[in-house]
2 protein chains.
Amino acid sequence: MDIKYAILGLLSWRELSGYDLKKMMQDSELFYWSGNNNQIYSTLVHLHHEGLVDVQLQPQEHLPIRKLYSLTIEGKDALKHWLISEPQLPQLRKTFLIQLAWSIDLSHQEIDNLLATYENEVRLRLVMLKEQLKRGTLINPARNPREKYVWSMIWDNYMQSYQAELEWASKLRRNLPE
Amino acid sequence: MDIKYAILGLLSWRELSGYDLKKMMQDSELFYWSGNNNQIYSTLVHLHHEGLVDVQLQPQEHLPIRKLYSLTIEGKDALKHWLISEPQLPQLRKTFLIQLAWSIDLSHQEIDNLLATYENEVRLRLVMLKEQLKRGTLINPARNPREKYVWSMIWDNYMQSYQAELEWASKLRRNLPE
DNA sequence: AAGGACATGTAACACGTTACATGATTTT
DNA sequence: AAAATCATGTAACGTGTTACATGTCCTT
């Protein structure tokens, strides 16, 4: 349950509501749960049961009560414990490779089209990432040189992955036997 | 439901049982369902309902009946239709990046350890892939130059991804501010 | 008039993983 | 004696996505 630790991490910066978390996670490559309502709200309830977060209720006029979550001591410990735990390998699910594998009986033209479409999608993703980075709409804290450096490397990691995918596709198109 | 098309693809080569499919998919990077029993057997039932596969029963002594599945015309069409459909972007779930992001408050030593452990895991994965490739335990058909080339590029793609991950981690370790 | 921001939440479904159950035969 | 191979399948659970429901205020 990785979303649990992602939430603990974000809460370690400052107290947040479920809605805040949703906004921070949505459209984020890093928080790949895509701002999923369901998982965020139920994980928060779960974390509260476990005693890893506290809730502070903020009544508002004309709006539902805002529930501000913050880490408890136990929450901070749980996060710290996870941080030094065994890292996981990235999960690379590349459905396109399966599609490509069985496309070899299509015409050269059709395969080339397929690869071109793939390239375009990847390129678009890359451009969007760069754009988000430039506009500062990505989470990108820089309270000290180390934090700044690490976060720049995090976004680099994704850009590098997509860039490599582009070059791979381009090479494949150039060298595909007739 | 991508496993559906992965199964149709494999069946397009030759008729196979659920057990055969399971063996082909397990420990495979490409077929990331990890040889999952449950999904394979139920997808086969589903495909049969849809009329995309035929079943041929093979009674055996001392063993359960073997069910050999093969593609129907409709199955071949469904596969072909999927092949020329819109490619999907790869799904890159890199939990380690989240872990790293909140590790910046650990000691330099601890972060370095974390990165070293990550590198080792990735390196191991890379070595295993290369080993599997050398031993021919990966699915790697080469009935013609194009098929041979495409499959070599498929496995290259994964090796490239892991290689890039290694270089990224190494760079991070070298440049991490104190 | 329509849609988005704010803020909570639930329902339904789809996808994925692990473990179990059966039971003979063969290998370690 | 234990474990793997062959071959089917189910149960239980965990994770992830989409859509819906409520209701006010503000912007287009």
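The shown structure was predicted, so the numbers you read here are calculated from the model rather than taken from an experiment. All chains are named by letter (A, B, ...) in the order of the sequence lines, taking the proteins before the strands, and each is independently numbered beginning at 1.
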* To do: Would you please confirm or rule out a distance under 4.0 Å between OP1 or OP2 of C:dC15 and any side-chain N or O of A:Arg93?
  => no
* Is there a side-chain polar atom (N or O) of B:Tyr19 under 4.0 Å from OP1 or OP2 of D:dT8? -> no
* Parallel, tilted or perpendicular for A:Tyr69 and A:His48, by the 30°/60° rule? -> perpendicular
* Proximal nucleotide (of C:dA7, D:dG16, D:dA7) relative to the A:Arg66 side chain -> C:dA7
* To do: Figure out the NZ/P separation between B:Lys22 and D:dA7, and round it to whole Å.
  => 11 Å
* Gap between atoms CE and P, on B:Met24 and D:dT5 respectively (whole Å) -> 17 Å
* Asked: Under 3.5 Å, is there a donor-acceptor pair between the B:Gln163 and B:Tyr158 side chains?
  -> no
* N-O pairing of B:Glu167 and B:Lys171 below 4.0 Å -> no
* Asked: Please, which pairs that meet side-chain hydrogen bond (donor to acceptor under 3.5 Å, both in side chains) have at least one residue in residues 75-89 of chain B, sequence neighbours excluded?
  -> none
* Asked: Using the ring of each side chain (for Trp, its six-membered ring), is A:Trp151 parallel, tilted or perpendicular to B:Trp102, with breaks at 30° and 60°?
  -> perpendicular
* Taking CG from B:Asn37 and C1' from C:dC15, how many angstroms apart are they, rounded to a whole number? -> 16 Å
* Just to confirm, is there a sub-4.0 Å distance from OP1 or OP2 of D:dT15 to any side-chain nitrogen or oxygen of A:Gln39? -> no
* Below 4.0 angstrom from OP1 or OP2 of D:dC6, is there any side-chain N or O of B:Lys23? -> yes
* Would one find a side-chain N or O of B:Tyr41 under 4.0 angstrom from OP1 or OP2 of D:dT8? -> yes
* To do: Please report, rounded to the nearest Å, how far the C1' atom of D:dG14 is from the CD atom of A:Gln91.
  => 13 Å
* Hey, does A:Ile65 reach any base, or is it just sugar-phosphate, or nothing, if we go heavy atoms under 4.0 Å? -> sugar-phosphate
* B:Ile40 CD1 to C:dC15 C1', straight-line distance once rounded to whole Å -> 14 Å
* Asked: So, B:Asp54 and B:Thr72: side-chain donor and acceptor under 3.5 Å apart, yes or no?
  -> no
* Is a salt bridge present between B:Arg66 and B:Asp20, judged by a nitrogen-to-oxygen distance below 4.0 Å? -> yes
* Asked: Can you list the residues that meet the side chain to side chain donor-acceptor pair (under 3.5 Å) rule with B:Asn113, with sequence neighbours excluded?
  -> B:Gln109
* OP1 or OP2 of D:dA7 less than 4.0 angstrom from a side-chain nitrogen or oxygen of B:Gln60, does that happen here? -> yes
* Check every strand shown and say whether B:Asp2 touches a base, only sugar-phosphate, or nothing at a heavy-atom separation below 4.0 Å. => nothing
* Check every atom of D:dC6, D:dT10, D:dT15 against the side chain of B:Asn38 and return the nucleotide holding the closest atom. => D:dT10
* Structure fact -> Quick note, A:Met1 side chain, CB onward, closest among C:dG9, D:dT15, D:dT5 is D:dT15
* To the side chain of A:Trp33, which of D:dA7, C:dT8, D:dG16 is closest? -> D:dG16
* Spacing between B:Gln88 atom CD and C:dC15 atom C1', to the nearest angstrom -> 13 Å
* To do: Round to the nearest Å and state the distance from B:Gln56 atom CD to D:dT8 atom P.
  => 13 Å
* Asked: Are A:Lys67 and C:dG9 close enough that a side-chain N or O sits under 4.0 Å from OP1 or OP2?
  -> yes
* Below 4.0 angstrom from OP1 or OP2 of D:dT8, is there any side-chain N or O of B:Ser17? -> yes
* Asked: For every nucleotide of nucleotides 23-28 of chain C, 5' to 3': is a protein heavy atom under 4.0 Å from its base (B), only from its sugar-phosphate (S), or from neither (-)?
  -> BSS---
* Starting at the 5' end of DNA chain D, which residue's closest nucleotide do you reach first, A:Ser34 or B:Ser42? -> B:Ser42
* What's the CD-P distance between A:Gln26 and D:dA19, to the nearest Å? -> 15 Å
